[in-house]
Protein chains: 2
Amino acid sequence: MGLRERKKAETRQAVHEAALRLTVELGFDAVTVEAVADAANISRRTFSNYFAGKEDAVLYGEEQRIQDLVEGIRRRPAGERAWPALCRASAELYAAQGKEADREWAMRTRLARRHPALLARQLANQALLETEIAVEVAAREGLADHTLRPRVMAAAFLAALRVAIAVWLDERESRPLGEVLQASLAEMGEDFTGS
Amino acid sequence: MGLRERKKAETRQAVHEAALRLTVELGFDAVTVEAVADAANISRRTFSNYFAGKEDAVLYGEEQRIQDLVEGIRRRPAGERAWPALCRASAELYAAQGKEADREWAMRTRLARRHPALLARQLANQALLETEIAVEVAAREGLADHTLRPRVMAAAFLAALRVAIAVWLDERESRPLGEVLQASLAEMGEDFTGS
DNA sequence: AGGCAACTTTACCCATTGCGCAAATTTGTG
DNA sequence: CACAAATTTGCGCAATGGGTAAAGTTGCCT
C-alpha cells in the first residue's frame with residue numbers, strides 16, 4: 001500500500017473519530033460538518049470527498065467492523081456448513097477485539113438508537129452486506145445465489161446480531177456481549193413453527 | 001373523526017401520491033420538495049408539516065401497509081401461538097389487498113432498492129415496528145417484553161418479509177407474492193442449526 | 001347566529017448541506 | 001528533476017429543514 005492510500009485511510013479514520021467524539025460531546029444535531037472538518041484539519045469540501053454526510057462519518061467504524069465479520073466468514077474452513085460458519089465467525093470477531101472496542105460499539109449503537117438518521121444509515125449499510133453474506137452461504141450450501149434459502153439465512157443472521165446488541169444495551173451491558181450474541185443466534189437457529 | 005382530521009389525512013395521502021408519481025416519472029433526485037408541494041396544492045412549508053422529507057412522503061404507503069399488518073397480528077385469536085399468528089396475519093394481509101396494491105408495493109420497493117436514501121428510511125421504519133411486534137409476540141408466548149426470544153422472533157419475521165419481497169422482485173413477479181412470502185416464512189421457521 | 005379559542009396553512013428568513021467546477025497542491029515515477 | 005495523476009481546497013448554487021409570526025380555518029359554546 002503506497003503512501004497515498006495510507007494517508008487517505010489515516011485521514012478517513014481521523015475524520016471518523018472527530019465526528020464520533022463531537023457527536024458524543026454535543027449531540028448529533030448540534031454538530032455541523034464544518035465543525036467536524038475543522039476538528040480533523042481538513043476543509044468542508046474535503047469532508048465531502050470522504051463521506052456523503054455526517055451519518056456516514058459517525059458510523060464508519062460500524063462499516064469496518066461488519067466488513068471484518070464478512071471476511072471472517074470467508075475465512076472459515078471450506079467444508080463447514082453455513083450456519084455454524086456464521087455463528088463461529090461472529091464469536092471469533094467478538095473474541096478478537098477487546099472490551100474497549102465493545103464500548104465504542106455500544107456508544108455508536110446508542111447514538112443510532114436515539115437518532116433516526118443514524119439508525120437509517122446503519123440499517124442500510126447492513127442491508128448491503130446481507131447480499132454478500134447470502135453469496136457466501138449459497139456457496140457453502142451448494143445453492144444458487146438467487147435462491148430463497150441463502151438470503152433468508154443471511155437476513156436471519158444479521159437480524160440476530162442486531163437484536164443481540166440491542167438486548168445487550170438494554171441490559172446495561174451487564175453480561176458480556178459474546179454471551180448475548182450466542183444466545184441470540186441460538187434462538188434464531190431454533191425452529192419457530194412450534195411456537 | 002372530525003372534519004379537521006379527515007382533511008388532514010386526505011392531504012397527507014395526496015402529498016404521498018404526488019411524491020410517488022413524480023418520483024416514478026422523473027427519478028427521485030430529479031424531484032424537488034417544491035415540485036411535490038405544487039402537485040399537491042400546498043406550500044413548500046406545509047409539506048414540512050406533513051413529512052420530514054421527500055423519502056417519508058414517498059414511503060408513506062409502506063408505513064400504512066405495515067401498520068395494517070401490526071393490527072392484523074393483534075386481531076388474531078388470543079389463544080394462537082406467536083409464529084403461526086404472524087404467518088397467518090401476513091397471509092391475510094396479502095389476501096385482503098388486490099394485485100393493484102401489489103404493483104404499488106413493487107414500485108415503491110423497486111425505488112427503495114435503487115436509492116440508498118429511500119432504503120434507509122424504509123428499514124428505519126420497519127425497525128420501529130419490530131418493537132411493537134415483539135410486544136405482541138411476548139404477550140402470546142407469556143414472556144416479558146425485554147426478553148431475547150420475542151425480539152428475535154419479531155426480527156426474524158420482518159426479515160422474512162423483506163427477503164420475500166426482494167426475491168419476488170428478482171423473479172420479476174412471476175409467481176404471486178403470497179406464495180413467495182409463505183415459502184420465505186417457512187424457511188425462516190425451520191431449524192438452521194443443522195446446516 | 002356570532003364569537004372565541006385552538007389549530008393549520010402560509011410567507012419570509014436563515015443556517016446547513018451536497019456537489020460541480022477549476023485552481024492549487026501533493027504524490028508517484030521515469 | 002520534471003511531469004502526469006491524484007488529492008485538496010475555495011467558490012458558488014440550488015435544495016432543504018425548521019423557527020417565527022401573520023393570516024386563514026374549524027370546533028364549540030352561548
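- OP1 or OP2 of D:dT16 has at least one side-chain nitrogen or oxygen of B:Lys54 nearer than 4.0 Å.
- Open room surrounds CZ on A:Arg103; 12 or fewer heavy atoms of other groups in view lie less than 6.0 Å from it.
- We find that CD of A:Glu34 is positioned 8 Å from P of C:dT17, with the value rounded to whole Å.
- For C:dT8, the OP1/OP2 oxygens have no side-chain nitrogen or oxygen of B:Tyr50 closer than 4.0 Å.
- Atom C1' of nucleotide D:dA6 and atom CZ of A:Arg6 are separated by 16 Å, given to the nearest angstrom.
- Between A:Phe192 and B:Trp83, the ring planes lie tilted relative to each other; the angle falls in the 30° to 60° range.
- At the phosphate of D:dT9, OP1 or OP2 sits under 4.0 Å from a side-chain N or O atom of A:Thr46.
- Note: CZ (A:Phe51) to P (C:dT16) measures 21 Å, nearest angstrom.
- What separates CZ of B:Arg121 from P of D:dT16 is a distance of 13 Å, to the nearest Å.
- Of all nucleotides listed (C:dA11, C:dG18, C:dT26), C:dT26 comes nearest to the side chain of A:Arg4.
- Atom C1' of nucleotide D:dC11 and atom CZ of A:Arg44 are separated by 10 Å, given to the nearest angstrom.
- The ring of A:Trp105 has its center no closer than 6.0 angstrom to the ring center of A:Tyr94.
- Using a 30° and 60° split on the angle between ring planes, A:Tyr60 and A:His16 fall in the perpendicular class, above 60°.
- Per the geometry, CD belonging to A:Glu10 stands 15 Å off C1' belonging to D:dT7, to the nearest Å.
- Rounded to whole angstrom, the span from the NZ atom of A:Lys8 across to the P atom of D:dA5 amounts to 17 Å.
- Between B:Phe47 and B:Glu5, the residue whose closest nucleotide on DNA chain D is further toward the 5' end is B:Phe47.
- A cation-pi geometry, defined here as NZ or CZ lying under 6.0 Å from the six-membered ring centre and within 45° of its normal, holds between A:Arg12 and A:Phe51.
- Between the CG atom of A:Asn49 and the C1' atom of D:dA6 there is a distance of 11 Å, given to the nearest Å.
- Checking D:dG10, C:dT9, D:dG17 against the side-chain heavy atoms of A:Ser43 singles out D:dG10 as nearest.
- The base of D:dG19 is paired with the side chain of B:Arg45 by a donor and an acceptor separated by under 3.5 Å.
- For B:Lys7 and B:Val31, each mapped to the nucleotide of DNA chain D holding its nearest heavy atom, the one lying further toward the 5' end belongs to B:Val31.
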